[in-house]
Amino acid sequence: MSKKQKLELTWIGKDVRPKLEPRILLEDSSRSYHAKHRVADGDLFDNRLIFGDNLLALKALEQEFAGKVKCVFIDPPYNTGSAFTHYDDGLEHSIWLSLMRDRLEIIRRLLSDDGSLWITIDDNEAHYLKVLCDEVFGRRNFVSNVVWQKAYTSNQTAKHLSNTHDHLFCYAKELNTFRIGKLPRTEEQKNSFSNSDSDPRGPWKAENLSAGKFYSAGQFEIIGPKGDVFLPPKGRYWRCNEQQYLAWLKDGRITFGKSGDGRPMLKKFLAEMEDALTANTWWTHAETGSNKEASIDLKAMFGDRGDVFQNPKPEKLLHRVLTLASSPGDLVLDSFAGSGTTGAVAHKMGRRWIMVELGEHCHTHIIPRLKKVIDGEDKGGITDAVGWKGGGGFRYYRLAPSLLQQDRWDQWVVNKEYNPEMLAAAICKLEGFNYEPSADFYWQHGHSSERDYIFVTTQSLSAAQLEALSEEVGPDRTLLVCCAAFRGNAERFANLTVKKIPKMVLQKCEWGHDDYSLNVENLPKAAPEAAALHSATKATASDKKKSDVPQQELEL
């Protein structure tokens, strides 16, 4: 293999990519919710809950939030073949990979340069997903594979081995700029410090005075209080020179054990140590919760309605992730909101958040849960641990319908649900302009720079109207005019570019496609050549007569 070649995951349909329509988001203030008053100065109110297909929602967020999201946590359907209440979690292997790839690519663009993605998965797709993430994020940006103990008892009816863990992949947008946080000491860790000699500096722990790294000045004799002579163990060295050792000894920082004849050790005082520890890759249920714990919390919150979520993630798990990957005020995104755990935890931890969910449980579970958090009525999860008292709020959005629809003659026309403001916002997004209507100039609906503007109208413009526009825009500014039709030669106006709606956007994306969710029934039909190849592959596999060789739909 040459240096320029790289290992890639291949699957049927990999080259087929959707041409996503960047929809606008419409707020429904009747579903938005805010605390009646401020609880704390740091209350955050501009969080977003988006109802709609998560791939379209990610695309809708891209223009405004590209490079601004500090942490993405997603818990996608695991593709296990199980029939979940809210997800068809049994997609064909290749389809699942394509749908995940499309989402991961946008997520990467949304992340800030110092941001990170955390994604849970089980053994069924973990190793394929790892290679897929390597391809999207770059293998060099892989941080770690955390193993989370999702269950604390073994399933004695398991056919082979009882599965008690999930994987939690962490990828940095740019590893060189990513800085992971630390964890505070637990009470158990603090209790490992003691004060057997009643040192006025408080509890301490004895640490090895020797080290394995060569240090030329670290070879000298140490005389104990009972006359014992100590040298570093073979192949090791004292971690200090003799002058530093004598200073520590004088300051009462060297211990020879209770009897005074033990090897010299360095006393490390809890009061002098930073309360920040490096996290490891094994997360126990005692530290980060379990599926069972999350289920109990949901049932306490919703009664029997809390049983609808299979294998929900506990708040402790999200608390650990957000502690390591974000700081108060940072923006957190979860595009597979599920029961809303990410938003609930982010809210309690003072992070800004965006969640996306398509299922009706967005209304029956997520909104009521968030209301309890905001009102300070959620007593479960991490509430006590972080001292949450309530406050803040969120805005509820839904995806706008497709901008274009076909009329009875199968011609593409502007969707009748779009009013002039919605149309202007949608065209701005499609053309890469920021939608910011001016109160002073009717023709300034948005801008791409300080001197480049856009004007959107459903009217047909005459030559005289174009000339008047050109004069008002002036020689130092430029204007993109989007209209139903126009008369005259628009090219004679150097500061105007005139385009017709909807012709100007017809080829930009797929219109009228509202559902890219992880559900086979919602997927478009494959191209004839791809379908034929797929059928041929399955036929070849069938001819193997149930051999142990898996179908080669995916190759590494």
Side-chain angles (χ1 to χ4, degrees), residues 114 143-144 146-147 149 170 172 175-288 316 319-328 349-350 382 384-387:
D114 59 349
V143 177
S144 191
V146 172
V147 180
Q149 187 185 16
C170 175
L175 191 61
N176 291 335
T177 55
F178 174 60
R179 296 292 179 268
I180 198 163
K182 302 282 188 177
L183 298 177
R185 284 183 174 79
T186 65
E187 288 304 313
E188 182 180 356
Q189 290 168 333
K190 292 177 182 178
N191 291 336
S192 66
F193 289 76
S194 62
N195 194 1
S196 57
D197 59 355
S198 299
D199 194 303
R201 288 166 288 195
W204 53 271
K205 181 185 291 186
E207 287 192 358
N208 200 333
L209 193 60
S210 68
K213 186 177 181 180
F214 174 75
Y215 180 42
S216 60
Q219 285 283 4
F220 56 89
E221 290 184 347
I222 289 179
I223 309 300
K226 293 188 177 182
D228 301 294
V229 178
F230 299 97
L231 287 170
K234 185 176 180 180
R236 296 179 67 84
Y237 309 84
W238 299 128
R239 64 165 71 178
C240 60
N241 58 31
E242 189 169 11
Q243 183 180 4
Q244 177 64 70
Y245 165 76
L246 293 173
W248 282 340
L249 181 66
K250 182 180 180 180
D251 195 30
R253 293 178 181 270
I254 301 297
T255 177
F256 293 87
K258 290 182 180 181
S259 62
D261 56 5
R263 292 191 61 81
M265 303 282 281
L266 179 63
K267 293 167 67 174
K268 300 289 286 186
F269 294 94
L270 177 60
E272 297 177 351
M273 299 177 72
E274 184 181 1
D275 189 20
L277 301 175
T278 300
N280 60 35
T281 58
W282 167 237
W283 293 6
T284 67
H285 74 89
E287 297 173 325
T288 53
K316 287 181 183 177
H319 181 262
R320 171 70 63 89
V321 170
L322 298 188
T323 297
L324 295 175
S326 67
S327 300
M349 294 179 67
I382 65 167
D384 289 340
V386 300

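All values derive from a computational prediction rather than experimental measurement. The analysis underlying the following values was restricted to heavy atoms, covering all of them including side chains, and did not include hydrogens, waters or symmetry mates.
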Atom CZ of R239 and atom CH2 of W248: how far apart are they, to the nearest 0.5 Å?
-> 6.0 Å
Any donor-acceptor pair under 3.5 Å from R320 side chain to T288 backbone = no
Determine, stepwise, if the pair I254 / K267 fulfils side chain to side chain contact (heavy atoms under 4.5 Å, CB included).
-> CA-CA 6 Å; I254 301 297; K267 293 167 67 174; over 6 Å; no
Salt bridge (Lys or Arg N to Asp or Glu O under 4.0 Å) contacts in which one or both residues fall within residues 268-285, not counting sequence neighbours = R253-E272
Could you walk me through whether F256 and D228 pass the side chain to side chain contact (heavy atoms under 4.5 Å, CB included) check?
-> CA-CA 10 Å; F256 293 87; D228 301 294; over 6 Å; no
Would you give the length of the straight line joining atom CG of L266 to atom CH2 of W238, rounded to the nearest 0.5 angstrom?
-> 11.5 Å
In sequence, state the C-alpha distance, the side-chain angles, and the governing distance for N195 and D197, and then conclude on side chain to side chain contact (heavy atoms under 4.5 Å, CB included).
-> CA-CA 6 Å; N195 194 1; D197 59 355; 3.0 Å; yes
Can you see which heavy atom on Y245 is nearest to which on L209, and at what distance?
-> CD1-CD2, 4.1 Å
Could you walk me through whether M349 and I382 pass the side chain to side chain contact (heavy atoms under 4.5 Å, CB included) test, one step at a time?
-> CA-CA 9 Å; M349 294 179 67; I382 65 167; 3.9 Å; yes
Distance (rounded to the nearest 0.5 Å) between R236 CZ and N208 CG = 5.0 Å
pair Y237-Q219: side-chain heavy atoms closer than 4.5 Å | yes
For residues L277 and R185, determine if any side-chain heavy atom of one lies less than 4.5 Å from a side-chain heavy atom of the other.
-> yes
Would you give the length of the straight line joining atom NZ of K316 to atom CH2 of W283, rounded to the nearest 0.5 angstrom?
-> 14.0 Å
Between the main-chain N or O of S259 and the side-chain N or O of K226, is there a donor-acceptor pair closer than 3.5 Å?
-> yes
